[in-house]
Amino acid sequence: MEKRDHIETREEYRTKENEVQEWSAYQKLSDNVLFTSLDKILNLGRANSLWYLLFGTACCAIELMQTGGPRADLDRFGSVFRPTPRQCDLIIIAGTVTLKMASRIKILYDQMPEPKYVISMGSCANCGGLFDLGYSVLRGIDKVIPVDVYVPGCPPRPEALTEGLLVLQQKVKNEKFLVKEKKSI
Amino acid sequence: MYELEKNNDNTMTLNMGPHHPSTHGVLRFILEMDGEIILSVKPDVGYLHRSIEKIGERVTYPAFMPYTDRVDYVAAANCNVGYALAVEKLMGIETPERAQYLRVIVSELNRIISHLLMTGVLAMDLGAYTPFLHAVREREKINDIFEILCGARLTYNLATIGGMPFDIKETTIRKCLEILEGLKKFLKEFDDLVTNNAIFISRLANIGVIDKETAKAFMLSGPNLRAAGAHWDLRKNETYFLYDRFKFDIAVGSGKAGTLGDSYDRFSVRMKEIETSISILEQAFKSLPSGEVQAKLPKTLKPPKGEVYVRTESARGELGYYIISDGTAKASRIKIRTGSFAAISILDKIGRGLMLSDLVAFMASLDLIAPEIDR
């Protein structure tokens with residue numbers, strides 16, 4: 001029998017052609033196509049568009065305004081302010097929360113759509129801070145709503161708040177929503 | 001809580017605040033509306049009542065200084081030096097000359113950034129976001145100066161009783177003068193962009209006119225009173241901190257866009273006051289005397305029995321401290337009189353008959369700030 005190495009069967013020829021086509025298609029698209037899990041790609045979008053509520057209770061509100069201003073520029077991390085809680089993913093508790101204000105903040109938090117996050121900005125919102133001596137101040141916003149990131153300072157610098165936002169972004173990126181929930185027994 | 005009154009069936013009760021972008025913090029107004037026209041305004045205060053006056057009875061005199069920052073965080077330095085002056089008057093302490101000059105410098109710097117924020121926020125409330133960004137950009141530069149001086153950007157805690165805890169260096173003065181030069185250019189730019197803008201003028205002119213008599217009757221003070229045409233400035237009329245050594249004019253409302261004492265006047269008075277502050281600062285830097293910045297004091301301060309009321313000109317009007325001492329290291333009572341609390345009381349009188357959108361402009365022009373109202 002003669003050797004027929006150079007002649008391929010029809011099936012062999014077809015598979016080889018397919019491989020070549022797939023390879024060239026992969027090469028063409030490799031710059032534009034990323035393979036990832038759905039969770040990760042969704043989280044990437046969510047983390048880089050954390051819209052915060054335009055809401056400040058006390059002194060930290062001025063630093064919050066200046067963080068959104070031209071120097072610190074929170075916009076470059078995809079964070080812009082919205083005036084209504086219904087369009088927000090994030091509420092930054094900027095300043096002292098009095099007992100009278102606490103229930104109103106709870107209402108604002110409840111109005112936000114899920115998933116929602118909370119940054120507690122400044123000593124007063126963290127633990128009462130300077131006004132621990134007072135009779136009308138809530139000692140920590142975490143007694144009313146759950147807090148994701150605490151930013152220390154009185155008031156924190158814009159850089160500190162930016163760092164707090166970046167930490168929150170990291171948290172958002174590591175969340176998993178598309179996992180089957182375990183049945184609770 | 002307020003009991004809502006219902007006059008007739010055609011009116012609507014509208015709740016504005018405590019979370020509202022244009023109420024500057026946490027203020028609440030209960031508005032009685034007939035369509036778009038306001039029938040009555042009821043302010044509901046107390047959302048930022050932090051019991052500062054009560055805390056003043058629980059801490060020692062020097063330890064109350066950080067709390068005065070939080071009375072008015074936009075003009076914290078003015079509150080600091082006002083409190084220091086009150087305790088010094090109570091104890092009969094002489095402050096060194098250089099410290100008094102430093103106090104003038106920090107008060108005027110803080111007045112500038114307070115007015116910058118007010119003008120920016122006023123424009124933002126009217127729907128223009130860009131002027132706010134411009135104002136904040138300039139504000140950051142003076143924040144840097146405060147950071148060099150005392151290490152803080154917003155709440156400074158920069159006065160001690162009997163003087164100042166820091167001294168100013170030549171390099172800082174030079175940097176300060178540079179910034180003031182830049183600020184003059186910025187003011188011209190801001191005039192072109194905002195002050196002479198036809199839309200801006202028509203939103204503010206003839207809105208919320210407060211005449212001189214009404215302003216006096218409601219105890220308005222500071223720029224709000226001066227906009228009504230009254231020549232009253234505590235820096236000049238009841239001089240303190242060696243303000244009598246500086247030459248400056250009191251900025252008074254002129255009614256050039258509409259009526260005397262309208263919202264535009266209140267805005268333009270503040271713009272003029274920035275210029276006044278710049279000229280005072282330049283004079284102060286030129287004639288800054290050398291010497292000590294802190295008077296010698298005993299370790300624990302125990303003022304003699306008695307009471308004192310000292311008022312200074314803050315960015316929002318008269319800021320008065322009324323202190324009763326019982327001879328111990330802690331005050332028996334501290335009462336703080338602020339300009340915003342007087343200003344909020346006039347809302348109902350002037351706000352009646354305005355449109356809802358004009359109320360926002362009127363409120364922003366009064367330069368209300370929540371912690372000064374509630375304390």
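What you see is a predicted model, and the numbers here were worked out from it, not measured in a lab. Naming: A, B, ... by sequence-line order, numbering from 1 per chain.
- Annotation: maximal heavy-atom pairing with chain B below 4.5 Å, among A/Gly68, A/Pro70, A/Ala94, occurs at A/Pro70.
- Under a 4.0 Å N-O distance rule, the pair A/Arg71/B/Asp144 qualifies as a salt bridge.
- Put simply, the side chain of A/Lys143 never gets that close to the backbone of A/Leu138: no donor and acceptor are under 3.5 Å apart.
- B/Glu273 has no carboxylate O lying under 4.0 Å from a charged side-chain N of B/Arg270, or vice versa, which leaves the two without a salt bridge.
- Pairing each heavy atom of A/Thr96 with each of B/Arg50, the nearest pair is OG1-NH1, 2.8 Å.
- Heavy-atom distances place no part of A/Ala61 under 4.5 Å from chain B, backbone and side chain included.
- Ranked by heavy-atom pairs under 4.5 Å with chain B, the first of A/Glu63, A/Met101, A/Met65, A/Gln66 is A/Gln66.
- Salt-bridge check for B/Glu57 with B/Lys54: passed, with a basic side-chain N closer than 4.0 Å to an acidic carboxylate O.
- At a 4.5 Å heavy-atom cutoff, the contact between A/Leu108 and chain B is made by side-chain atoms alone.
- For the set A/Gly69, A/Pro83, A/Gly56, A/Ala58, the entry with the most heavy-atom pairs within less than 4.5 Å of chain B is A/Ala58.
- Side-chain polar atoms of B/Ser114 and B/Arg316 form a donor-acceptor pair below 3.5 angstrom.
- Between the side chains of B/His49 and A/Tyr135, a donor-acceptor pair is found at a separation under 3.5 Å.
- Scanning residues 329-338 of chain B against chain A with a 4.5 Å non-hydrogen threshold yields no residues.
- For the set A/Leu54, A/Val137, A/Leu130, the count of heavy-atom pairs under 4.5 angstrom toward chain B peaks at A/Leu130.
- A/Arg46 forms no cation-pi arrangement with A/Tyr117, by the criterion of a distance under 6.0 Å to the ring centre and an angle within 45° of the ring axis.
- With a threshold of 4.5 angstrom between heavy atoms, A/Leu99 does not approach chain B through any atom at all.
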